[in-house]
Amino acid sequence: MVQSNELKPNTLYIEVSGAGLPEVDGLFVPSTAPPTESESGTVSSPGYWNGKMAWDRADGKSARCPALSYSNSYKSWRICRLDGHLAYDVTCDDELPPTDRQWHVYKKGVAPAPKVVVHHCDPRLPCPKANVVFVLGGPGAGKGTMCELAESQLGWNHLSAGDLLRAEREAGGPTAAIINEVIRDGKLAPDEIIVSLLKKSMETITRTTGKKNFLLDGFPRSLGNLECWYDIFGRDAELPKMLYFECPYDVLRQRILGRAKYTGRRDDNAESLKKRFDTFKAQTLPTVERFKSQDKCVEIDTSQSRQAVYDEVVSHLAEHTDKEFVANPLTERAEMLLGLRPYPKQKA
């Protein structure tokens with residue numbers, strides 16, 4: 001039997017939508033029901049039912065109808081009505097209600113099955129403040145590689161302004177044509193588009209994972225970007241720290257042309273690189289100087305070995321990095337990124 005003192009508090013919220021049933025769709029909050037015995041003989045505790053987190057009890061005495069909890073007898077998560085009849089269920093032993101698969105429409109349920117989203121903070125309240133570090137450098141300076149390493153090894157969230165723009169373009173949204181034009185010409189996207197994409201992504205990640213450490217790769221690329229950031233996040237907020245990756249142009253050119261055959265990116269060519277680098281010098285370097293003048297910029301020489309660069313990144317992120325992540329051994333992917341292990345050969 002699972003004892004209540006072994007369980008961490010349930011602070012998660014579940015949002016259910018798409019069922020079309022007012023009693024099903026909506027927000028499920030952590031259970032506060034007092035301990036009682038479930039159908040399988042397990043004694044519940046506040047926020048739990050059958051040893052797993054619960055959003056109200058499933059014995060017909062819940063405050064909310066229907067309740068969302070786990071059944072040991074049927075080995076399934078369920079959205080259950082007070083009369084005992086289910087609306088939806090999914091057979092599995094996951095610790096949390098599954099969000100990556102289709103739920104089953106059962107008994108009094110009505111198709112289609114709803115979508116389930118887990119929130120790590122109350123969605124009725126403002127999103128908790130994120131801890132942000134800006135990452136800048138010329139094209140090919142190693143921003144993406146170091147941010148990927150920090151994400152996989154140190155638990156930080158890596159958001160690339162360029163990747164977000166490319167994803168938005170591929171999605172074919174209302175700004176796709178504008179984004180396609182600026183990427184093709186090596187120009188900067190409108191400030192409002194970039195900041196709105198970053199804000200949306202950070203809030204989604206924070207709410208659905210609880211992780212609040214963010215590396216913003218390729219932002220702010222202009223003083224206009226920074227002004228738009230102030231407009232949205234407020235001028236009273238403390239200015240984030242910046243990691244600036246410094247690298248000579250000849251090294252950047254060699255890296256970009258060397259990776260072109262692997263990336264498939266339209267802008268990984270000599271002509272686009274020159275445009276991007278000229279744009280970087282004209283519009284991004286003044287932003288770097290602004291951060292330097294406020295003692296908010298850490299300059300890292302990325303022409304040195306990748307291991308040396310990564311060691312510097314680790315040291316500058318240490319303040320907000322969970323020590324357990326730092327102690328983890330390097331993954332195979334991390335060793336490849338650092339040049340310590342060769343990439344697997346692609347099949348012909």
**Message:** Within a 6.0 Å radius of atom CG on Asp236, are there more than 12 heavy atoms belonging to other residues, nucleotides or ligands?
**Reply:** no

Using atom types as modelled, flag every donor-acceptor pair under 3.5 Å from a side chain in residues 129-146 to any protein atom, sequence neighbours excluded.
from: Asn131; atom 1: ND2; to: Asn213; atom 2: OD1; distance (Å): 3.0
from: Lys143; atom 1: NZ; to: Gly137; atom 2: O; distance (Å): 3.1
from: Lys143; atom 1: NZ; to: Gly138; atom 2: O; distance (Å): 3.3

**Request:** List the atom of Ile194, the atom of Ala161, and the distance in Å for their closest heavy-atom pair.
**Result:** CG2-CB, 4.3 Å

**Asked** How would you list, by chain and number, every residue that makes a side chain to side chain donor-acceptor pair (under 3.5 Å) with Thr321, sequence neighbours excluded?
**Response** Trp156

**Request:** Apply salt bridge (charged side-chain N to carboxylate O under 4.0 Å, His left out) to Lys115 and list each qualifying residue two or more places apart in sequence or on a separate chain.
**Result:** none

**Request:** Kindly write out the residues that satisfy salt bridge (charged side-chain N to carboxylate O under 4.0 Å, His left out) with Arg306, not counting sequence neighbours, or none if the list is empty.
**Result:** none

**Message:** Are the side chains of Asn225 and Thr287 in contact, using a 4.5 Å heavy-atom criterion?
**Reply:** no

**Asked** Would you say Leu125 and Leu27 are hydrophobically clustered, going by side-chain heavy atoms of ILVMFWY under 4.5 Å?
**Response** no

**pair Trp229-Pro240: side-chain heavy atoms closer than 4.5 Å** = yes

**Message:** Using a strict threshold of under 4.0 Å (side-chain N to carboxylate O), is an ion pair present between Glu170 and Arg166?
**Reply:** no

**Prompt:** Listed by chain and number, what are the salt bridge (charged side-chain N to carboxylate O under 4.0 Å, His left out) partners of Lys241, not counting sequence neighbours?
**Reply:** none

**Fill in**
Residue set satisfying side chain to side chain donor-acceptor pair (under 3.5 Å) with Asn10, at least two apart, ordered chain then number -> none

**Request:** Sort and list the pairs that fulfil salt bridge (Lys or Arg N to Asp or Glu O under 4.0 Å) and have at least one residue in residues 279-293, not counting sequence neighbours.
**Result:** Glu289-Lys292, Lys292-Glu299

**Request:** Name all residues meeting the side chain to side chain donor-acceptor pair (under 3.5 Å) criterion together with Glu227; count only those two or more places apart in sequence or in a different chain, and write none if there are none.
**Result:** Arg235

**Request:** With sequence neighbours excluded, give me every salt bridge (Lys or Arg N to Asp or Glu O under 4.0 Å) pair touching residues 318-334.
**Result:** Glu148-Arg333

**Asked** Who passes side chain to side chain contact (heavy atoms under 4.5 Å, CB included) against Asp89, sequence neighbours left out?
**Response** Ser76, Arg78, Leu86, His104, Tyr106

**Item:** Side chains of Tyr244 and Glu246, donor plus acceptor under 3.5 Å
**Value:** yes

**Item:** Where at least one partner belongs to residues 186-205, residue pairs that pass ring-ring contact (aromatic ring centres under 6.0 Å, His included), sequence neighbours excluded
**Value:** none

**Complete:** Taken in chain and number order and not counting sequence neighbours, the residues that satisfy side chain to side chain donor-acceptor pair (under 3.5 Å) with Trp77 are none

